[in-house]
2 protein chains.
Amino acid sequence: MRPIVHPALETLSPEAILHALSDPERAAIFAEIATSECVERCSALSQAATREIPKSSLSQHFKVLREAGLIRSERVGVEMRNYSRGMEVNGRFPGLIPAILSAYGF
Amino acid sequence: MRPIVHPALETLSPEAILHALSDPERAAIFAEIATSECVERCSALSQAATREIPKSSLSQHFKVLREAGLIRSERVGVEMRNYSRGMEVNGRFPGLIPAILSAYGF
DNA sequence: TCCCATAGTTCAGGAATATGGAACTATTGA
DNA sequence: TCAATAGTTCCATATTCCTGAACTATGGGA
């Protein structure tokens, strides 16, 4: 299993972010992560799995969000914790994330 | 040749907009249309064609932008005029378009 | 320690989308 | 009517996406 990689803030691209969030499922997942205040129970894959998406697909969705720089994932025991990088991203692309989430109604 | 259709403002979806603008080529085309003040020479396909994109691809790009509700196209004589619907769209999804254009550096 | 359960990843193929050359359509002007 | 210009459509190829099945990683017993 290859190690989890998180792109540096400077290397993020608008196209990757827009692409990641142009899928409503992924947008919903991200919104859930981004709007939950907590640090402890921030949307593990299993939680998102309450939707009816195959876990391989979910895994891909998280990968796309991660590689776009929107989330940070870390393994905690047997599960994966996902945190929003929204604040960081907002520093680089001001207003982008809020506008997108708001457009979706999140 | 089927008639040009423009979706009503109420039927626009964030995913279609994000998808349309997640392609840097399309984003550049839209930016050119959206930021040009003029009404008369608003980016016909031939102008965009200064880039090295095949015209069939350009035609598809304009179609995607049109169907996402980002531009309005009308035929004027032998050519096509494309206008930004950015203002309208901004009424529906406030801040979205500006944030995207700014993220791209346009 | 070995085994099992849980959580997630990777792989592989089929489905869906995108790309672009070639042929076609529409409009204008001579 | 014909030629030129501007754009669209078609279709074959290429790329990307989806997801079931197999695999990997970690933790908790017995």
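Just so it is clear: chains get the letters A, B, ... in the order the sequence lines come, proteins before strands, and each one is counted from 1.
Here the C1' atom of nucleotide dT19(D) and the CD atom of Glu52(A) are 15 Å apart, to the nearest Å. Distance Met80(A) CE to dT9(C) C1': 9 Å, rounded to the nearest Å. Distance Arg66(A) CZ to dG8(C) C1': 10 Å, rounded to the nearest Å. The separation between His61(A) atom NE2 and dT10(C) atom C1' is 16 Å, rounded to whole Å. Distance Lys63(A) NZ to dT19(D) P: 16 Å, rounded to the nearest Å. Between the C1' atom of dG8(C) and the CG atom of Asn82(A) lies a distance of 11 Å, rounded to the nearest Å. Taking atom CD1 of residue Ile71(A) and atom P of nucleotide dG8(C), one finds them 12 Å apart after rounding to whole Å. Atom CG of Leu58(B) is separated from atom C1' of dT8(D) by 12 Å (rounded to the nearest Å).
Here Arg81(B) does not reach the OP1 or OP2 of dA6(D): none of its side-chain N or O atoms lies under 4.0 Å away. At least one side-chain nitrogen or oxygen of Ser57(B) sits closer than 4.0 Å to the OP1 or OP2 atom of dG20(C). The side chain of His19(B) contributes an N or O atom lying less than 4.0 Å from OP1 or OP2 of dA18(C).
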One pair to check against side chain to side chain contact (heavy atoms under 4.5 Å, CB included): Leu70(B) and Leu12(B). What are the steps and the verdict? CA-CA 9 Å; Leu70(B) 290 165; Leu12(B) 304 191; over 6 Å; no

Tell me, with the steps shown, if Leu21(A) and Leu65(A) meet side chain to side chain contact (heavy atoms under 4.5 Å, CB included). CA-CA 8 Å; Leu21(A) 297 179; Leu65(A) 290 171; 4.1 Å; yes

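A donor-acceptor pair under 3.5 Å is formed between the side chain of Arg26(B) and the backbone N or O of Ala20(B). A donor-acceptor distance shorter than 3.5 angstrom exists from the side chain of Arg75(A) to the backbone of Gly77(A), with no hydrogens or angles considered. Distance alone, capped at 3.5 Å, is enough to place a donor-acceptor pair between the Arg92(B) side chain and the Glu10(B) backbone. When atom types are taken as modelled, the side chain of Thr35(B) and the backbone of Ala31(B) share a donor-acceptor pair closer than 3.5 angstrom.
Distance check: Leu18(B) CG to Leu18(A) CG gives 5.5 Å after rounding to the nearest 0.5 Å. Separating the CZ atom in Phe30(B) from the CG atom in Asp23(B) is a distance of 14.0 Å, to the nearest 0.5 Å.
End-to-end axis angle for the helix from dT1(C)-dA30(D) to dA30(C)-dT1(D), using five pairs per end and rounding to 10°, comes out at 0°.
Nucleotides of DNA chain D nearest to Pro54(A) and Ile4(B) differ in position, and the one nearer the 5' end is that of Ile4(B).
When hydrophobic clusters are built by joining Ile, Leu, Val, Met, Phe, Trp and Tyr residues whose side-chain heavy atoms come closer than 4.5 Å, directly or via intermediates, Ile17(A) is grouped together with Phe93(B).
For Arg2(A), taking side-chain heavy atoms from C-beta onward, the closest of the listed nucleotides dG7(D), dC11(C), dT19(C) is dC11(C).
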Could you write nucleotides 21-30 of chain D as a row of B, S and -, 5' to 3', where a protein heavy atom under 4.0 Å of any base atom gives B, of only sugar-phosphate atoms gives S, and otherwise -? B--BSBS---

